[in-house]
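Worksheet: the structure to be examined is printed underneath.
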Number of protein chains: 2
Amino acid sequence: MAANPTARPARSAGRRALPKSEATRERIIAAAAHVLVERGYAGTKLSDIAEQAGLQAGSLYYHFDDRDDIVDQVLRRSVRGILQRVRSAVEALPAGARSFDRLRAAIVAHLEVILESSDVSSAGLRLMSQLPPEIQRRYRRIQRDYGDYWHGLITTAQQDGSIRADIDPVRLRLFVIGQLNWVAEWPRPTRGPIDEMAGDALAIITDGIASGATTGRSE
Amino acid sequence: MAANPTARPARSAGRRALPKSEATRERIIAAAAHVLVERGYAGTKLSDIAEQAGLQAGSLYYHFDDRDDIVDQVLRRSVRGILQRVRSAVEALPAGARSFDRLRAAIVAHLEVILESSDVSSAGLRLMSQLPPEIQRRYRRIQRDYGDYWHGLITTAQQDGSIRADIDPVRLRLFVIGQLNWVAEWPRPTRGPIDEMAGDALAIITDGIASGATTGRSE
DNA sequence: GTCTATACGACGATAGAC
DNA sequence: GTCTATCGTCGTATAGAC
């Protein structure tokens, strides 16, 4: 609504052809994600975003319509980014990979994203509940896509018998993803190297915490 | 700091002897918890709390010093309540209960609290990250007690071999509790009856999602 | 594109009537 | 105890200089 960049960057040959402002736009989004995760939706002030991005509060309005517009962009990239990462991790597997391994790859990828860029990516996961209904609506659509993707992985694995089928696939998914998502809330000191964390998570999720046979599933 | 109830309620015989105002104080705390969970820390306005509690914003100051005082009370009760519930659930077991069963009882109790009073109880769990450092500090002490209690349950079970010992007890705890905590974020429709939810959670946590032997722990 | 200055509204907190 | 003002502060958003 504000910007009207009549001309794209003069030379598109260089290395990437970034419209001059597009770059700071990204900086702002990254900054906003950081503040959002730390302060929550309502606690995110434009002045904080601006400071984090290295400019003045008023300048934000050159790049975005208003506060919610910024939030919107963050959320959109958040889940979209995770979906891409997870999907490409799964598709990177050899052609005939077993459904169980595809699920494992998804689990690891999901956790990796959270641990790596805990800002931009995990923002969407944690803010959902406190968002104003309107934003929540728009955003839920994107998140549903992600849920659907997982749903496919899980039901497939259940059908070919590689994972237990006695639990509703939706709940199973929510329990598993939830366990991973909560890692974003862990105090930094308790976290370990990504590969260790992934290994532990996988071990618990696939095999459980019971040692060997002690189980006792029937109660 | 404001109130100075010179006289306790005249008759203490009745049924409970509630200092007249003590009752509304509780209403306010419950209301605040509700708003906090829905809007986040910064998004919680006094006017919302007041409305939810059935009085005017200004009236809140008769019962509390300021906004943060209210938040403080909510958080304090939140984790304190969960600890009590979980502890009493564990202690309700027969004297010589196996460590594994004690852990199971804790898992179920923790989940139950979240599912029942998703407001007051889960408030503390979800707000931690977005709280201003000062409040966070005071509050972390209480939460540490809760973590310690779990730590005891887990290390004991690891030592007597009833649960796997190849995963750091702290991480094991965080993964398990995290999985349960995230249930508070589930959309209502996806949740089921408490006992079903508890059964599923227990099954996944203890036995994992892999079907029988397919495991593949080594990678 | 980014700045400074400012208008405007919203919310926390206080004062005093009832 | 709870209400109805009201003040002061802070944050969003706009305007206009650079």
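Reminder, nothing fancy here: chain letters follow the sequence lines and each chain counts from 1.
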Side chain of K45(B) only, please: which of dG12(C), dT12(D), dT4(D) is the nearest? dG12(C)

R27(B) CZ to dG1(D) C1', in whole Å, measures 11 Å

Between S47(B) and dA10(C), does any side-chain N or O lie under 4.0 Å from OP1 or OP2? no

Is the shortest heavy-atom distance from the side chain of L103(A) to the side chain of V176(A) under 4.5 Å? no

Option from L111(B), D200(B), I163(B), I107(B) for which side-chain contact (heavy atoms from CB on, under 4.5 Å) with I205(B) holds: I107(B)

For a quick test of reading the model: is some side-chain N or O of T24(A) closer than 4.0 Å to OP1 or OP2 of dG1(C)? no

So for the helix from dG1(C)-dC18(D) to dC18(C)-dG1(D), with five pairs setting each end axis, what is the inter-axis angle to 10°? 10°

Expressed as a whole number of angstroms, how long is the span from D66(B):CG to dA13(C):C1'? 9 Å

Could you go through residues 82-95 of chain A and list every donor-acceptor pair under 3.5 Å that involves a side-chain atom there, pairing it with any protein atom two or more places apart or in another chain?
unit_1	atom_1	unit_2	atom_2	d
R85(A)	NH1	E116(A)	OE1	3.0
S88(A)	OG	Q84(A)	O	3.1
S88(A)	OG	R85(A)	O	3.1

Over how many whole Å does the gap from Q56(A) atom CD to dA13(D) atom C1' extend? 15 Å

Rounded to whole Å, CG of D65(B) lies from P of dG12(C) at a distance of 16 Å

Mapping A57(B) and E22(B) to their closest nucleotides on DNA chain D, which lands nearer the 5' end? E22(B)

Just the rounded figure in Å: distance from C1' of dT14(D) to CZ of F64(A). 18 Å

I need the CG-P distance between D68(A) and dT12(D), as an integer number of Å. 10 Å

Given dC3(D), dC11(C), dT12(D), identify the nucleotide with an atom nearest to the side chain of R67(A). dT12(D)

Looking at E51(A) and K45(A), does any basic side-chain N land under 4.0 Å from a carboxylate oxygen? no

Has the side chain of Q158(B) got a donor or acceptor atom that lies under 3.5 Å from a matching backbone atom of D168(B)? no

Y61(B) vs dA13(C): side-chain N/O to OP1/OP2 distance below 4.0 Å: yes

Given dG1(D), is OP1 or OP2 found less than 4.0 Å from the side-chain N or O atoms of S59(B)? no

Interatomic distance where CG belongs to L55(B) and P belongs to dG1(D) [whole Å]: 13 Å

Option passing side-chain contact (heavy atoms from CB on, under 4.5 Å) with V170(B) (candidates I167(B), L174(B), L172(B)): L174(B)

What is the distance, rounded to the nearest whole Å, between atom OH of Y62(B) and atom C1' of dA17(C)? 16 Å

Do the ring planes of W150(B) and H110(B) sit parallel (below 30°), tilted (30 to 60°) or perpendicular (above 60°)? perpendicular

